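Here's the structure, in structure tokens; my notes come after.
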Amino acid sequence: MAEPLVGVIMGSRSDWDTMRHTAETLESLGVPFETRVLSAHRTPDELAEYAATAEDRGLEVIIAAAGGAAAHTTLPVLGVPMESKLSGLDSLLSMVQMPAGVPVGTLAVGKPGAVNAAILATSIVAGAHPEYRERLRAHRDEQRARVLKEPDPSAE
């Protein structure tokens, strides 16, 4: 198995319901990744260590269910806001309001954001690994073919 290029982190196991879509998408694109539960509130030192050593361990992107990892790394951090009692608005706002100098590329709330984070991470790693660019092209071609196969929803 190839060394992971993408780290997928979440604050609790309950976030896996959403973040598994990130893992499934990365897997379908053939991008090696690792997953961890690391909480900025319950395991702050471990989260800081994970992010601070990510680049040395070969990671090129971190996808996070929260944006706190960005404070500890110069790697791109892609944030996936988790759905909540406030429809994920609280999570979304916490990511898009990171202070200047601590960027978090924030995606949509929930499953769409989790899937798109994996696709965006693949685009990022494709800069140094062109084989992933070809996999992205194939993925987009598959999406296009599915839409064109049944373009009239009233025909069902």
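One-based numbering along the sequence shown. Values below: every heavy atom of this structure, side chains too, minus hydrogens, waters and symmetry copies. This one's a predicted model, so the numbers in the text were calculated from it and none came from an experiment.
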- Task: Check the pair L89, S87 against side-chain contact (heavy atoms from CB on, under 4.5 Å), reporting the backbone distance first and the verdict last.
- Result: CA-CA 6 Å; L89 184 60; S87 300; 5.5 Å; no

- Heavy atoms only: give me the nearest A121-V61 pair and the separation to one decimal. CB-CG1, 3.9 Å

- Residues R135 and E131 bridged, charged N to O under 4.0 Å: no

- Query: Do the side chain of S94 and the main chain of S91 share a donor and acceptor less than 3.5 angstrom apart?
  - Reply: yes

- Task: Look up atom CZ in R36 and atom CD1 in I62, then write down how far apart they are to the nearest 0.5 Å.
- Result: 11.5 Å

- Check the surroundings of atom CD in E24: do more than 12 heavy atoms from other residues, nucleotides or ligands lie under 6.0 Å from it? yes

- Note on the structure: Closest non-hydrogen atoms of M95 and M98, given as atom of the first, atom of the second and distance, are O-CG, 3.1 Å

- Once you round to the nearest 0.5 Å, how far does CG of D141 lie from CZ of R146? 11.0 Å

- Task: Verify the cluster assignment for V109 and L93: are they in a single hydrophobic cluster under the rule of side-chain heavy atoms below 4.5 Å apart?
- Result: yes

- Message: Given 3.5 Å as the limit, does a donor-acceptor pair link the side chain of T22 with the main chain of A114, or not?
- Response: yes

- What is the minimum heavy-atom distance between T53 and E49, and which atoms define it? OG1-O, 2.8 Å

- Is S84 reaching over with its side chain to a backbone N or O of G88, donor-acceptor style, under 3.5 angstrom? yes

- Rounding to 0.5 Å, atoms CG (L107) and CD1 (I63) come to a distance of 8.0 Å

- Item | Gap between atom OG1 of T122 and atom NE2 of H139 - 0.5 Å precision | 8.5 Å

- Item | Nearest-0.5 Å distance that lies between atom CD1 in I119 and atom CD in Q143 | 5.5 Å

- Query: For the hydrophobic clusters of this structure (ILVMFWY residues joined by side-chain heavy atoms under 4.5 Å, transitively), does one cluster hold both L136 and F33?
  - Reply: yes

- Item | M82 versus A65, closest heavy-atom pair with distance | CE-CB, 3.8 Å

- Check for a donor-acceptor pair, side chain of S39 on one end and backbone N or O of H41 on the other, with a separation under 3.5 Å. yes

- Query: How close do L29 and Y132 get, heavy atom to heavy atom, and via which atoms?
  - Reply: O-CD2, 4.1 Å

- Query: Hey, mind stepping through E55 and T74 against side-chain contact (heavy atoms from CB on, under 4.5 Å) and telling me if it holds?
  - Reply: CA-CA 8 Å; E55 188 174 3; T74 57; 3.6 Å; yes

- Query: Given the rule in the side-chain contact (heavy atoms from CB on, under 4.5 Å) test, do T106 and L92 qualify, once you have shown the distances and angles that lead to the verdict?
  - Reply: CA-CA 8 Å; T106 306; L92 174 66; 3.7 Å; yes

- Message: Minimum heavy-atom separation for A64 and A66, please, with both atom names.
- Response: CB-O, 2.7 Å

- Message: As a quick check of understanding, evaluate side-chain contact (heavy atoms from CB on, under 4.5 Å) for L5 and L59, giving each step before the final call.
- Response: CA-CA 4 Å; L5 297 174; L59 295 183; 5.8 Å; no

- Note on the structure: E60 meets the side chain to side chain donor-acceptor pair (under 3.5 Å) criterion, sequence neighbours left out, with H129

- Query: Are R57 and Y50 in a cation-pi setup, meaning NZ or CZ lies under 6.0 angstrom from the ring centre and within 45 degrees of the ring axis?
  - Reply: yes

- Rounded distance [0.5 Å steps], NZ in K111 versus CZ in R20: 7.0 Å

- Query: Does a sphere of radius 6.0 Å around CZ in R140 hold more than 12 heavy atoms from other residues, nucleotides or ligands, not counting ones at 6.0 Å or beyond?
  - Reply: no

Solution key, residues 7-16 side-chain donor-acceptor pairs under 3.5 Å, sequence neighbours excluded:
residue	atom	partner	partner atom	Å
S12	OG	S14	OG	2.8
D15	OD2	G11	N	3.2
D15	OD2	S12	N	3.4

